[in-house]
Amino acid sequence: MPTILGQNQYGKAENRVVKITRDGATHHIKDLNVSVALSGDMDEVHYSGSNANVLPTDTTKNTVYAFAKEHGIESAEQFGIHLARHFVTSQEPIKTARIRIEEYAWERIATSDANSKFIGADEVKHSFVRKGQETRVTQITYDGSSWEVISGLKDLVVMNSTNSEFWGYVKDKYTTLKEAYDRILATQVSGRWRFNWTDDEQKMPNWEKSYEQTKKHMLQAFAETYSLSLQQTLYQMGARIINNRSEIDEVRFSLPNKHHFLVDLEPFGLKNDNEVYFAADRPYGLIEATILRDGCEAKIPMDLTNL
């Protein structure tokens with residue numbers, strides 16, 4: 001039976017680039033993991049092995065590093081936009097470029113005050129420690145005329161030690177879970193949000209401010225929602241973002257429920273008054289949903305594993 005070629009793409013994955021910006025004695029760090037995927041007129045390389053339309057993946061790697069110097073890294077989104085535009089506009093066979101970026105945050109190490117015995121310790125502005133909170137991510141897709149920018153974060157662990165309940169659920173003969181009227185609610189947030197900036201005629205968002213504000217609204221909603229279910233909290237997190245950030249039309253969350261179970265201390269003659277818990281890493285409930293601005297279409301993939 002004859003076969004035909006389906007969707008295909010190629011590129012260089014996970015290019016680690018660290019850009020140091022030196023502002024006198026004050027230094028700034030951008031630490032990215034950049035993956036490039038290109039698609040277009042690539043039938044012949046699959047059918048006959050002809051590389052006539054193929055830009056080597058090694059060249060895409062070199063472009064990432066060269067652009068870090070030529071354009072700097074203002075934000076992960078802006079850097080990805082520069083790369084995607086370049087690949088599509090400079091190579092005729094390339095019709096679509098998809099750039100995925102993970103950003104690893106650093107913060108300055110606090111140094112001694114001016115009275116320290118260590119000379120100049122109060123002026124050190126070039127030492128950093130990796131932040132351990134979350135990894136920032138973005139995906140930029142460009143087809144020569146329109147843009148799709150989906151940003152977000154992963155591995156952000158949050159917890160409410162109270163103001164969470166879970167009761168009134170369906171029960172059958174296999175149900176052993178006891179209803180909870182005061183429980184720990186913890187999750188490891190993986191979230192993505194899609195911007196409504198799609199072409200160069202529109203005003204581009206301030207990517208850095210947007211990320212910080214989106215994260216702020218998401219965390220405030222988590223903290224301020226009296227939760228009767230993780231689903232309710234998830235919806236409030238997404239709704240808070242949509243209602244406060246006009247540049248975002250869609251949010252999708254994948255929230256594993258980081259279960260904390262009260263330890264039975266009665267065998268030791270002790271009463272456990274919501275104080276001592278066993279933190280279970282698996283199995284875990286997994287709550288996922290998309291929140292949309294009214295009238296908008298969902299475009300973020302349901303599976304965030306590779307996004």
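Worth knowing before you read on, the calculation uses all heavy atoms, side chains too, and leaves out hydrogens, waters and symmetry mates.
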Do other residues, nucleotides or ligands put more than 12 heavy atoms under 6.0 Å from Q7 CD?
yes
Apart from L262 itself, members of its ILVMFWY cluster (side-chain separation under 4.5 Å) are M159, I184, Y277
The salt bridge (charged side-chain N to carboxylate O under 4.0 Å, His left out) partners of K12 (sequence neighbours excluded) come to none
Sequence neighbours excluded, the answer for ring pair (Phe, Tyr, Trp, His ring centres under 6.0 Å) partners of Y169 is F166
| said: Quick one about D182 and T162 (side-chain donor to acceptor, distance below 3.5 Å, no hydrogens or angles considered), yes or no? | reply: yes
In residues 282-291, what donor-acceptor pairs under 3.5 Å come from side-chain atoms, sequence neighbours left out?
from, atom 1, to, atom 2, distance (Å)
E288, OE2, S254, OG, 2.9
T290, OG1, R252, NH1, 2.7

More than 12 heavy atoms of other groups within 6.0 Å of K203 NZ:
no
So does E266 have more than 12 non-hydrogen atoms from other groups sitting under 6.0 Å from CD? no
- Task: Kindly say whether N257 contributes a backbone atom to a donor-acceptor pair with the side chain of Q188 at under 3.5 angstrom?
- Result: no
| task | Apply the test salt bridge (charged side-chain N to carboxylate O under 4.0 Å, His left out) to residues E134 and K215: give CA-CA distance (whole Å), side-chain angles for both, the deciding distance (0.1 Å), then the verdict. | result | CA-CA 11 Å; E134 84 273 5; K215 179 183 172 184; 3.1 Å; yes
* Could you go through the side-chain contact (heavy atoms from CB on, under 4.5 Å) check for T26 and R108 one step at a time? => CA-CA 10 Å; T26 302; R108 296 188 190 283; 3.4 Å; yes
- Message: Can you see whether Q213 engages Y211 through a side-chain donor-acceptor pair at a distance of less than 3.5 angstrom?
- Response: no
**Asked** Can you tell me if E77 and S151 form a side-chain donor-acceptor pair at under 3.5 Å?
**Response** yes
Practice item. Using the rule that two of Ile, Leu, Val, Met, Phe, Trp, Tyr join whenever any of their side-chain heavy atoms come within less than 4.5 Å, decide whether I20 and W106 are in one cluster. Key: yes
(message) Would you say W197 ends up clustered with V88 if hydrophobic residues are merged whenever their side chains have heavy atoms under 4.5 Å apart, either directly or through other cluster members?
(response) yes
### Query
Can you find a heavy atom in the side chain of R85 that is under 4.5 Å from one in the side chain of D200?
yes
Hey, are the side chains of F87 and T63 touching, using non-hydrogen atoms and a 4.5 Å cut-off? yes
Residues at least two apart in sequence or cross-chain that pass ring pair (Phe, Tyr, Trp, His ring centres under 6.0 Å) with Y235, listed by chain then number, are none
For residues 57-69, the salt bridge (Lys or Arg N to Asp or Glu O under 4.0 Å) pairs (sequence neighbours left out) are D58-K61
Salt-bridge contact K19-D31 (side-chain N to carboxylate O under 4.0 Å):
no
Say whether T233 and S227, considering side chains only, have a donor N or O and an acceptor N or O under 3.5 Å apart.
-> yes
Quick one: are V34 and L83 in side-chain contact, heavy atoms under 4.5 Å? yes
field: Row check, Y104 ring normal vs R136 NZ/CZ: under 6.0 Å, within 45°
entry: no
Please tell me if the side chains of M218 and L153 come closer than 4.5 Å, counting only heavy atoms from C-beta onward.
yes
Across all chains, not counting sequence neighbours, the salt bridge (charged side-chain N to carboxylate O under 4.0 Å, His left out) partners of D143 are none
Taking everything shown except E224 itself, do over 12 heavy atoms lie less than 6.0 Å from its CD?
yes
message: Classify the ring geometry of F67 against H82: parallel below 30°, tilted from 30° to 60°, perpendicular beyond 60°.
response: perpendicular
Applying side chain to side chain contact (heavy atoms under 4.5 Å, CB included) to N244 and not counting sequence neighbours gives H217, R240
Report yes if the side chains of T187 and V189 come closer than 4.5 Å at any heavy-atom pair, otherwise no. yes
### Query
Can you check side-chain contact (heavy atoms from CB on, under 4.5 Å) on E165 and E179, steps first, answer last?
CA-CA 8 Å; E165 305 178 14; E179 294 188 335; over 6 Å; no
### Query
Do other residues, nucleotides or ligands put more than 12 heavy atoms under 6.0 Å from D172 CG?
yes
> Between K154 and E102, is any pair of side-chain heavy atoms under 4.5 Å apart?
Replying inline: yes
Practice prompt. Please say whether more than 12 non-hydrogen atoms of neighbouring residues, nucleotides or ligands are located less than 6.0 Å from NZ in K209.
Written response: no
Worksheet item: Thinking salt bridges, do R16 and E103 make one under a 4.0 Å N-O criterion?
Response: no
Is a side-chain donor or acceptor of N53 paired with a backbone partner of P93 at a separation under 3.5 angstrom? no
Is the number of heavy atoms from other residues, nucleotides or ligands within 6.0 Å of CE (M204) greater than 12? yes
| message | Is the distance from the ring center of W147 to that of F195 below 6.0 Å? | response | no
Sorted by chain and number, sequence neighbours left out, side chain to side chain contact (heavy atoms under 4.5 Å, CB included) with Y10 holds for L38, M42, V54, L55, T57, I94
Taken to the nearest 0.5 Å, the spacing of I73 CD1 from T21 OG1 works out to 8.0 Å
Between the CG atom in D264 and the CZ atom in F278, the distance rounded to the nearest 0.5 Å is 14.0 Å
Taken in chain and number order and not counting sequence neighbours, the residues that satisfy salt bridge (charged side-chain N to carboxylate O under 4.0 Å, His left out) with K258 are none
request  = Decide yes or no for L292 and D249: does some side-chain heavy atom of the first lie under 4.5 Å from some side-chain heavy atom of the second?
outcome  = no
For I4, the hydrophobic cluster (side chain heavy atoms closer than 4.5 Å, chained through members) also holds L5, Y47
* Asked: Has E297 got more than 12 heavy atoms of other residues, nucleotides or ligands less than 6.0 Å from its CD?
  -> no
Between E250 and A298 the two heavy atoms that sit nearest each other are OE2-CA, 3.4 Å
(Q) With no hydrogens and no angle check, just 3.5 Å: does a side-chain donor-acceptor pair link S210 and E247? (A) yes
query = Can you get from I241 to L230 by hopping between Ile, Leu, Val, Met, Phe, Trp and Tyr side chains that sit under 4.5 Å apart?
reply = yes
The complete set of side-chain hydrogen bond (donor to acceptor under 3.5 Å, both in side chains) pairs with one or both residues in residues 35-46, sequence neighbours excluded, reads E44-S48
*F79 and I101: side-chain contact (heavy atoms from CB on, under 4.5 Å), yes or no, with the steps?*
CA-CA 9 Å; F79 189 62; I101 299 176; 4.3 Å; yes
Within one Ile-Leu-Val-Met-Phe-Trp-Tyr cluster: V137 and F253, side-chain cutoff 4.5 Å: no
Are I300 and L255 linked, directly or through other ILVMFWY residues, by side chains that come within less than 4.5 angstrom of each other? no
Item to complete: Decide salt bridge (charged side-chain N to carboxylate O under 4.0 Å, His left out) for K299 and E148; before the verdict, give the C-alpha distance in whole Å, the side-chain angles of both, and the deciding distance to 0.1 Å.
Response: CA-CA 10 Å; K299 296 182 180 180; E148 181 184 75; 5.6 Å; no
Regarding T214 and R245, is there a side-chain donor-to-acceptor distance under 3.5 Å anywhere? no
What verdict does the side-chain contact (heavy atoms from CB on, under 4.5 Å) test give for L304 and R192, after you've listed the backbone C-alpha separation in whole Å, the side-chain angles of each residue and the deciding distance to 0.1 Å?
CA-CA 8 Å; L304 300 182; R192 305 293 186 273; 3.7 Å; yes
key: Heavy-atom side-chain proximity of N33 to N15 below 4.5 angstrom   = no
